[in-house]
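Since this is a predicted model, take the numbers as computed values, not measurements. In what follows, every chain begins at residue 1, and chains take the letters A, B, ... in the order their sequences are listed.
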There are 2 protein chains.
Amino acid sequence: MKRLTKDDWVQFGLKVLKNEGYSQLKAGTLAKRLNVSRGSFYWHFEDLNAFHAALIAEFWSVSENIASTLGSNHGPHQKLQFLMHATQQADFELERAFRAWGRVHQDVGLQIERLDQMRLAVVHSIVKDAIEVPEKSESLAKFTYAAAIGLMTLGKEKVGLTDTDLAGVIDALLGLESA
Amino acid sequence: MKRLTKDDWVQFGLKVLKNEGYSQLKAGTLAKRLNVSRGSFYWHFEDLNAFHAALIAEFWSVSENIASTLGSNHGPHQKLQFLMHATQQADFELERAFRAWGRVHQDVGLQIERLDQMRLAVVHSIVKDAIEVPEKSESLAKFTYAAAIGLMTLGKEKVGLTDTDLAGVIDALLGLESA
DNA sequence: GTAATTCAAGACACTAGTGTATGGTGGCAA
DNA sequence: TTGCCACCATACACTAGTGTCTTGAATTAC
């Protein structure tokens, strides 16, 4: 029987959070599914709070990393495409789970707000460079980011909006050419 | 000491759900805050599931009612304004709480999906009547509704988008005049 | 005014979860 | 090969929650 590291627990925690929601983040439940006892859990983590904090930290570092890779794209069109795609990407289900968790767990809620502020600022700076009427940039950025979060909340698969359709709408909204 | 009705419990449950999240929907906790014992709870409700079902039913009937009052407005501009305002209205915090709950409770999740489908259809029909290029109506409707949900998820107060700004963006998106 | 009904208190048994303390084991170093 | 240390099992005490049952009190009906 393979023994576990702290990171094994964290990664498994994120997986469970993503698929079942935070209500399943319990020492006993997780231990059983990892074929160990709670003794393992309490060796790696002081208590449940420490475990939660580790999950939050991991989520934040991943999310932050994604947002910061944005600068490598050139042109507002490409940047926006990339950002919208990023917020709709594979692990948007994890963020969705975190957002739900954030509604009842203050620490999580604060990280989510921090993430939103960061990304909104990025979107705003892009939009400002992209449109011709600067005083409209703030409303447009907020609306655009809200749409991204809405698509994530509703579930990309449920809404059924293709990437190209999405690109068309955004370009129309901002008066860009989809070149 | 005033005695309680079933509806007193339901209304109080919705209030707690809205403010503290569904993790506080426990017989003992609620009873204590209502200055009664759990005996009252279990007299009015078979068990916790029955109580949850009552909350879901109440939420649904209220939500459905709001959406169905839409027909009384005339003109796509007014209708959209009303709808966007409705999704941003006073009790959007309750819906937010329900959405978070829906992530870990199947019955709730189903009602939320049902609500989204209903409202999306309404938005689509409005948009279709409003724009000149019908083949774009679906993407535009989806995007618009997603933005509404995103604004609700992020929190109106946090985003800080005024009603008039919002109206301007939507009209621009659909090519309407804000007459 | 009395009886029936409605609402609630309180005690009980049960389950699920947390956190602690102590002891066991496998692998690596000296 | 001995011993140490990282990792885990197990047992325990404790808390919080569910749901049941019996009793009691306050309204309502008659």
Whole angstroms only, please: what is the [atom1]-[atom2] distance between [X] and [N]?
X     : N      : atom1 : atom2 : value
A/F45 : D/dC8  : CZ    : P     : 11 Å
B/R3  : D/dA26 : CZ    : P     : 8 Å
A/Y42 : D/dC12 : OH    : P     : 18 Å
A/W43 : D/dC7  : CH2   : P     : 4 Å

So, using side-chain contact (heavy atoms from CB on, under 4.5 Å) as the criterion, who are the partners of [X] when residues are at least two apart?
X      : value
B/K6   : B/H44, B/F45
A/K15  : A/N19
B/E113 : A/K158
B/D165 : A/S139, B/L161, B/T162

Counting neighbours of [atom1] on [X] that are heavy atoms of other residues, nucleotides or ligands and sit closer than 6.0 Å, is the number greater than 12?
X      : atom1 : answer
A/E138 : CD    : no
A/Q106 : CD    : no
A/E46  : CD    : no

Subject >> Partner residues of A/E20 under the salt bridge (charged side-chain N to carboxylate O under 4.0 Å, His left out) criterion, sequence neighbours left out >> reply: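 Salt bridge (charged side-chain N to carboxylate O under 4.0 Å, His left out) check on A/E20 returns A/R33.
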Original post:
Quick one, which residues of residues 48-56 of chain A touch DNA chain C with a heavy atom under 4.0 Å?
Top reply: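 Residues of residues 48-56 of chain A under 4.0 Å from DNA chain C: A/L48.
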Subject >> Covered region of DNA chain C, 5' end to 3' end, by chain A [heavy atoms, under 4.0 Å] >> reply: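 Range of nucleotides touched by chain A: C/dG17 to C/dT20.
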Subject >> Difference in axis direction between the ends of the helix from C/dG1-D/dC30 to C/dA30-D/dT1, five pairs, 10° >> reply: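 Between the axes fitted at each end of the helix from C/dG1-D/dC30 to C/dA30-D/dT1 lies an angle of 10°.
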Original post:
Roughly how far, to the nearest 0.5 Å, is the OG atom of B/S63 from the CZ atom of B/R119?
Top reply: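 B/R119 atom CZ to B/S63 atom OG measures 6.5 Å (nearest 0.5 Å).
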**OP:** Check the angle between the aromatic planes of B/Y22 and B/W101 and answer parallel, tilted or perpendicular using the 30° and 60° thresholds.
**Re:**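 Parallel, since the angle between the ring planes stays under 30°.
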Original post:
Does A/F59 have any ring-ring contact (aromatic ring centres under 6.0 Å, His included) partners at least two apart in sequence or in another chain, and if so, which?
Top reply: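 Scan of A/F59 (ring-ring contact (aromatic ring centres under 6.0 Å, His included), adjacent residues dropped) gives A/F98.
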**OP:** With sequence neighbours left out, write down each residue that passes ring-ring contact (aromatic ring centres under 6.0 Å, His included) with B/Y42, or none if nothing qualifies.
**Re:**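 Counting only residues at least two positions away or on another chain, B/Y42 forms no ring-ring contact (aromatic ring centres under 6.0 Å, His included).
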So which protein N/O to nucleotides 9-11 of chain D N/O distances come out below 3.5 Å?
from  : atom 1 : to    : atom 2 : distance (Å)
D/dA9 : OP2    : A/S37 : N      : 2.1
D/dA9 : OP2    : A/S37 : OG     : 2.8

**OP:** Taking side chain to side chain donor-acceptor pair (under 3.5 Å) as the test, write out the residues that go with B/Q117, two or more places apart.
**Re:**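 Once residues adjacent in sequence are excluded, B/Q117 has no partner under the side chain to side chain donor-acceptor pair (under 3.5 Å) criterion.
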